[in-house]
Amino acid sequence: MPELPEVENVGRALKGNLQGQELTGLQVNFAGVLGQSPRATRKALVGKTLTNVHRHGKYLVLAFGEEPDAAYLMVHLRMTGQFFILEEYVPDKHVHLVFEFPDAPPVYYRDVRKFGRLELVADAHASEELAHVGPDMMTVRFADWHQRIAHRTAPIKSLLLNQGIAAGLGNIYVDESLFLAGVHPLARPCDLDEEVLRDVLKRGKAVMRLAIDHGGTTFLNFTNFYGKPGNFKRKLRVYGRGGEPCRDCGASLEKIVIGGRSSVFCGECQGGI
DNA sequence: GAATACCTGAGC
DNA sequence: GCTCAGGTATTC
């Protein structure tokens with residue numbers, strides 16, 4: 001499931017492979033992943049050059065052409081969106097879009113569950129969706145983030161998943177961040193010391209930076225990034241390990257549901273609520 | 001702030 | 001044939 005680190009690597013790969021390339025065609029196999037009609041999408045993008053790729057939280061904005069004729073495609077992979085840009089890639093029934101470039105292999109957009117969306121937006125930063133997305137988790141300053149979260153009474157896990165407060169964390173890295181900070185997922189930010197919250201943000205940034213670096217090595221040719229056991233999976237401390245022993249203290253990891261999300265934590269290391 | 005819808009495949 | 005997984009918008 002793509003969270004900020006995976007989206008960052010997708011963006012880097014798209015930019016690295018395609019910046020400066022002209023989009024000469026767009027094949028649409030399933031229009032439901034587009035925010036606009038295939039015709040409108042083609043009209044806006046085909047014939048323009050990919051000029052830049054920008055990430056905010058889990059969103060990517062692909063910039064085509066130059067102002068004043070620029071067009072922007074905002075991409076959210078949601079659960080299962082993937083891009084492939086491999087010469088020998090053989091598309092299957094889940095490939096919904098094919099972006100064609102004269103001097104590069106086609107780029108395939110694949111999405112098993114069709115949750116992902118690619119939609120035209122007016123500009124790179126001011127789309128309606130991004131308006132209610134908070135600052136990017138990797139670059140937000142502690143003072144800003146602290147001011148947004150410190151008074152809140154909901155479980156800290158839910159607030160870390162809330163993209164309106166800060167954007168980028170998903171279920172995996174939230175559980176990892178809270179474990180690394182030694183904070184119980186049900187703890188309320190209003191009850192936590194400033195220094196504890198500072199550590200939560202610091203650990204969150206650190207675990208995502210580490211994941212970005214790991215993705216970079218397995219992701220060069222876009223293959224096998226999702227679904228296969230990537231390098232980073234071996235580093236996970238709690239996610240997906242309910243009932244297994246804590247790697248730090250050996251206690252059995254607990255699994256509960258918070259805000260409808262499965263949550264794994266160590267009752268010993270992530271002490272009292 | 002909780003439940004539901006959106007989807008499909010994996011694993012029972 | 002059932003449950004689960006999960007990001008987000010929407011609806012209570």
Side-chain angles (χ1 to χ4, degrees), chain A residues 1-11 29-36 55-61 74-83 91-97 108-119 121 127-138 148-149 151-178 185-191 204 207-208 211 224-230 232-233 236 238-244 253-265 273:
Chain A
M1 324 91 225
E3 300 181 29
L4 186 153
E6 291 74 29
V7 175
E8 173 69 21
N9 281 315
V10 170
N29 300 328
F30 174 71
V33 297
L34 294 175
Q36 289 80 14
R55 182 190 60 73
H56 185 97
K58 302 171 200 170
Y59 289 90
L60 286 177
V61 181
M74 188 174 69
V75 179
H76 198 303
L77 303 174
R78 298 286 185 99
M79 309 293 307
T80 52
Q82 300 170 289
F83 283 102
D92 63 12
K93 65 176 181 175
H94 300 299
V95 169
H96 307 310
L97 304 172
Y108 299 95
Y109 178 72
R110 179 175 187 266
D111 192 344
V112 169
R113 293 165 81 167
K114 300 175 178 171
F115 280 11
R117 285 294 176 273
L118 301 88
E119 70 178 302
V121 295
S127 77
E128 213 168 282
E129 269 96 340
L130 288 183
H132 56 258
V133 172
D136 187 81
M137 185 64 81
M138 286 306 287
R148 291 164 171 272
I149 203 171
H151 64 286
R152 303 288 295 256
T153 59
I156 189 168
K157 158 132 190 183
S158 300
L159 296 167
L160 290 173
L161 286 173
N162 181 339
Q163 304 294 299
I165 294 174
L169 283 177
N171 205 34
I172 296 174
Y173 296 117
V174 164
D175 279 4
E176 294 301 307
S177 304
L178 290 172
L186 287 173
R188 311 189 317 165
C190 64
D191 295 333
V207 73
M208 289 197 288
N224 293 344
F225 190 65
Y226 308 117
K228 305 277 181 178
F232 196 75
K233 196 173 177 188
L236 296 178
V238 288
Y239 180 82
R241 299 190 63 241
E244 295 178 36
L253 294 176
E254 299 180 36
K255 182 175 176 181
I256 62 176
V257 174
I258 302 173
R261 295 298 151 77
S262 73
S263 307
V264 183
F265 63 101
I273 302 177

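Lettering of chains follows the sequences in order, A, B, ..., and the numbering in each one begins at 1.
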Tell me which nucleotide among [options] gets nearest to the side chain of [X].
X: A/E3; options: C/dA9, C/dG7, C/dA5; value: C/dG7
X: A/K93; options: C/dG7, B/dG9, C/dA9; value: B/dG9
X: A/Y239; options: C/dG7, B/dC7, C/dA5; value: C/dA5
X: A/K114; options: B/dC7, C/dT8, C/dG7; value: B/dC7
X: A/H94; options: C/dG7, B/dT8, C/dA9; value: B/dT8
X: A/R261; options: C/dG7, B/dG1, C/dA5; value: C/dG7

In this structure, how many angstroms lie between the [atom2] atom of [N] and the [atom1] atom of [X], rounded?
X: A/M74; N: C/dG7; atom1: CE; atom2: P; answer: 17 Å
X: A/D92; N: B/dG9; atom1: CG; atom2: P; answer: 10 Å
X: A/M79; N: B/dG9; atom1: CE; atom2: C1'; answer: 12 Å
X: A/H56; N: C/dT8; atom1: NE2; atom2: P; answer: 11 Å
X: A/F30; N: B/dC6; atom1: CZ; atom2: C1'; answer: 11 Å
X: A/L161; N: C/dT8; atom1: CG; atom2: P; answer: 9 Å
X: A/N171; N: C/dT8; atom1: CG; atom2: P; answer: 11 Å
X: A/I156; N: B/dG1; atom1: CD1; atom2: P; answer: 13 Å

Looking at A/Q163, I'd like to know whether one of its side-chain N or O atoms comes within less than 4.0 Å of OP1 or OP2 on C/dG7. no
Report yes if at least one side-chain N or O of A/H76 is closer than 4.0 Å to OP1 or OP2 of C/dT8; otherwise report no.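 Indeed, a polar side-chain atom of A/H76 lies that close.
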Please examine the side chains of A/D111 and A/R78, heavy atoms only from C-beta on, and report whether any two atoms are closer than 4.5 Å. no
Quick one: are A/V10 and A/V75 in side-chain contact, heavy atoms under 4.5 Å?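 When only atoms from C-beta onward are counted, A/V75 and A/V10 do not touch, as no gap falls below 4.5 Å.
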So among A/K157, A/R261, A/E176, which one has a side chain to side chain donor-acceptor pair (under 3.5 Å) with A/N171?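 Output: one option passes, namely A/K157.
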Shortest non-hydrogen contact from A/G81 to A/Y109?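 Answer, listing the atom of A/G81 first, then A/Y109: CA-OH, 3.5 Å.
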Counting any heavy atom closer than 4.0 Å, what does A/K157 reach on the DNA or RNA strands: base, sugar-phosphate only, or nothing? nothing
Using a heavy-atom cut-off of 4.0 Å across all strands, would you classify A/S262 as base, sugar-phosphate, or nothing?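 Counting heavy atoms under 4.0 Å across all strands, the contact made by A/S262 is with sugar-phosphate only.
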Judged by atom type as modelled, is there a donor-acceptor pair below 3.5 Å linking the side chain of A/D136 to the main-chain atoms of A/G57? yes
Aromatic-base stack, A/F115 on C/dT8, cutoff 5.5 Å, angle under 30: no
